[in-house]
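Below: one structure, written as structure tokens.
In this text the structure is predicted, and so the values were computed from the model without any measurement.
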Amino acid sequence: MNKRILSILLCLMLVIGLLVLAVPVNAAPTDPTFTITADKTDAKPGDTINYKVTLGPIDKIGQFQFTLDIPDGLTYVANSGKISDGTVAKMDMNILEFAEASLVVAGNVKTVNYTSETDTDIAEFSCTVDDDASGAKTVGFVDDETVAGIYLDWDTELTPVVVTATVNVTGSETTAPTEAPTEAPTEAPTEAPTDAPTEPAHVHDNPLAFVPQVDPTPEKDGVAAHYLCESCGMMFADATGVKVVTAEELRIPYVAPTDPPTEAPTEAPTTAPTEPATEPATEPATEPATEPATEPATASVYEFEKNPYTYDHGDLDIILSGFEMYVHNTDAALDKDTVAHFQKIVINGVDVTADFVKDDTAMDGLRITIGRTFAEKYFHNGDNTVECYFDDAASPATTIVKATNLPEEPVSEPMYKFQQPVYEYYMAEGGKLEMGVIFTDTDAPDYDTHVMSHFVKWQINGVDVTPENRGGTGDVKTLIADDKNVVAANFNIGKNEIKAFFDDCDEPAVTTLVVYDENGSSQDQSATGDSSKDSSTKDSSTKDSANSPKTGDASHMYLWLIITLASLAGGAGVLYTAKRKGIFTK
């Protein structure tokens, strides 16, 4: 009897052990690892560095977002950021975007968490090395803007691990030793005597102290209004400290009253009639030239709110609202009249008042709002000098605008172009994809019919074709990709170069069509240069997970199956032995 009870207990323990081994615990997901790699480890000013962001092996991830952190010394190359080719289809993403203005990459899956045992390319971008850059430059993610999670499991938070990329910048220091020996001997002897007053050995006070005008008296000459560096005693004509002035230049001589010229004719009417006539004529001419020039400085002084300002041509806020600067009168009581005294605005030495719209909606001061078109016309990448002139001030308000991400050269608009630079077609989804070409001169009298009347032919992958499905009406000429013309071999699986030719233009419109087969894969191995990762856009582990038990752990299923079979075999052996020994017989 005791043996029978013991055997039953052993069987129950065996069954419990089988259940524990065969059904894995809902294991906590691993945190994703994002790795940033650069195409070079050393660079010099002016070089372009290409970066790639990859996601390491992951058991499951449903959404993620990160913001690129570009260090000082590197400048992001406008329009270089993109999602790696084939990644959207590979990860089966509902949304996966690279936001150019904010440098944010964000994505989330459609219905199933993404799983992969290999690295997955996410995004690519480029930076240039600034002229004054040196030392180690590390590109990473902004810490508090990097998040990840699991699809339909919002309570489970993932903590992304970020592997940064560091490039050592050298070369900017090497120019100093070569230039200094050659320039110093030639310039020092000739320039030192004349430039000594204008080249102080220290940094002047900021702001400079304003010294009001002192009127002349019979006992003492006056002094014109000016700005003073209290640290070194140097005097300047304006608040920016650009023009140095001397005490002699600021001296206002005392001019005696004009009574003596009226008495002179009575005392010497015949001998000196010409002298009083010439002297009074010259003296009054010099006085108005000196005094009016200094008086406005005592009336008003204007300053920008910031110096310098920072202008990012790709900033989303600037794109939506424009770029704003403010100028105020240093006398708060007079600030409300700032707009009324505005004369002109000068940028980099060019008077841009004709293109500038004065904004007088601010309660106090002058608000300067600059749009993107205005900035592209008058700003350049780097430092820009902005000066605002007023009719009651001796010198303008001056500031510096540090601009970035402006186009280096204006790009001329092509005569014809596709509505998108890249199209994607998925055979598994079917349907119809329309690729349209437009005529870019919207002011042309025949714009509505121009593209249709001048179209000549389509060319796909260098071969002239006449697709079965084509069309277009009015101002758009359309090429259609669907099941018919893909199967008819008009398009290849992978990348296809499509050109549209017109009889009034030598250059065709060009676009790219990427075709994915029924399994969601592309045969184009050159998209990212890594065929082992991108040739199949549907990872095999994703397919396995679709048929796996919904236990929360879809990895190593063959291991669990072997353990289960071994446990069943062991249990059968125990039962067979017990039966042979008669443990279960009475």
Side-chain angles (χ1 to χ4, degrees), residues 72 75-79 101 128 130-132 198 204 206-208 210 227 236-244 293 296-297 299-330 334-335 337-362 364-413:
D72 293 338
T75 299
Y76 170 77
V77 178
N79 301 318
T128 55
D130 296 346
D131 293 340
D132 57 350
T198 61
H204 295 300
N206 187 12
L208 298 171
F210 176 70
Y227 292 85
F236 303 91
D238 52 37
T240 60
V242 174
K243 178 175 175 55
V244 177
S300 293
V301 177
Y302 296 90
E303 293 180 350
F304 279 88
E305 274 191 355
K306 296 180 182 179
N307 190 7
Y309 283 87
T310 300
Y311 176 84
D312 182 354
H313 198 59
D315 185 3
L316 181 60
D317 291 337
I318 292 178
I319 293 174
L320 295 176
S321 306
F323 176 66
E324 294 183 350
M325 298 184 291
Y326 287 86
V327 183
H328 293 285
N329 192 316
T330 55
L334 301 176
D335 199 23
D337 299 324
T338 297
V339 173
H341 290 285
F342 171 77
Q343 281 187 318
K344 64 180 180 178
I345 181 170
V346 176
I347 297 179
N348 296 324
V350 178
D351 188 344
V352 301
T353 311
D355 286 351
F356 172 67
V357 178
K358 183 172 62 175
D359 187 349
D360 55 2
T361 59
D364 296 310
L366 172 67
R367 178 167 58 190
I368 301 173
T369 302
I370 294 178
R372 287 170 59 81
T373 302
F374 185 94
E376 289 178 0
K377 185 175 181 180
Y378 295 112
F379 283 169
H380 56 73
N381 287 318
D383 291 353
N384 298 266
T385 302
V386 180
E387 298 172 296
C388 238
Y389 289 81
F390 299 88
D391 60 14
D392 61 339
S395 58
T398 305
T399 189
I400 298 295
V401 177
K402 295 181 176 294
T404 57
N405 292 328
L406 283 162
E408 295 295 340
E409 295 181 359
V411 179
S412 60
E413 185 80 359

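Here OH of Tyr309 is found 7.5 Å from CD1 of Ile368. Values are rounded to the nearest 0.5 Å. Atom CD of Glu387 and atom CZ of Phe304 lie 9.0 Å apart (nearest 0.5 Å). Glu305 contributes atom CD, which lies 11.0 Å from atom CE of Met325 (distance to the nearest 0.5 angstrom). Distance CZ/Phe323 to CG/Asp312: 10.5 Å, rounded to 0.5 Å. Atom OG1 of Thr338 sits about 8.0 Å away from atom NE2 of His328, to the nearest 0.5 Å. Expressed to the nearest 0.5 Å, how far CZ of Phe342 lies from CG of Asp391 amounts to 10.5 Å.
Among residues two or more places apart in sequence or in another chain, the ring-ring contact (aromatic ring centres under 6.0 Å, His included) test is passed with Phe374 by Tyr378. For Lys377, the salt bridge (Lys or Arg N to Asp or Glu O under 4.0 Å) criterion is met by Asp355, not counting sequence neighbours.
Between the Asn307 side chain and the Ile400 main chain, a donor and an acceptor come within less than 3.5 Å of each other. Not a single donor-acceptor pair under 3.5 Å links the side chain of Thr385 to the backbone N or O of Gly349. In this structure, Thr353 contributes its side chain and Ile345 its backbone to a donor-acceptor pair below 3.5 Å. A donor-acceptor contact shorter than 3.5 Å links the side chain of Thr330 to the backbone of Val301. Within the 3.5 Å criterion, the main-chain N or O of Val346 finds no donor-acceptor partner in the side chain of Asp351.
The two residues Asp335 and Asn329 come nearest to each other via the heavy atoms OD1-N, 2.9 Å.
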Exercise. Going through the checks in order, is the side-chain contact (heavy atoms from CB on, under 4.5 Å) test met by Tyr311 and Asn384?
Worked result: CA-CA 10 Å; Tyr311 176 84; Asn384 298 266; over 6 Å; no
For this session: Show your reasoning for whether side-chain contact (heavy atoms from CB on, under 4.5 Å) applies to Tyr302 and Leu366.
Result: CA-CA 10 Å; Tyr302 296 90; Leu366 172 67; over 6 Å; no
Exercise. How far apart are the C-alpha atoms of Asp238 and Thr398, what are their side-chain angles, what is the distance that settles it, and do they pass the side-chain contact (heavy atoms from CB on, under 4.5 Å) test?
Worked result: CA-CA 10 Å; Asp238 52 37; Thr398 305; over 6 Å; no
Exercise. Does the side-chain contact (heavy atoms from CB on, under 4.5 Å) test come out yes or no for His313 and Asn381, once each step is laid out?
Worked result: CA-CA 9 Å; His313 198 59; Asn381 287 318; over 6 Å; no
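Between the side chains of Asp130 and Thr75, a donor-acceptor pair is found at a separation under 3.5 Å.
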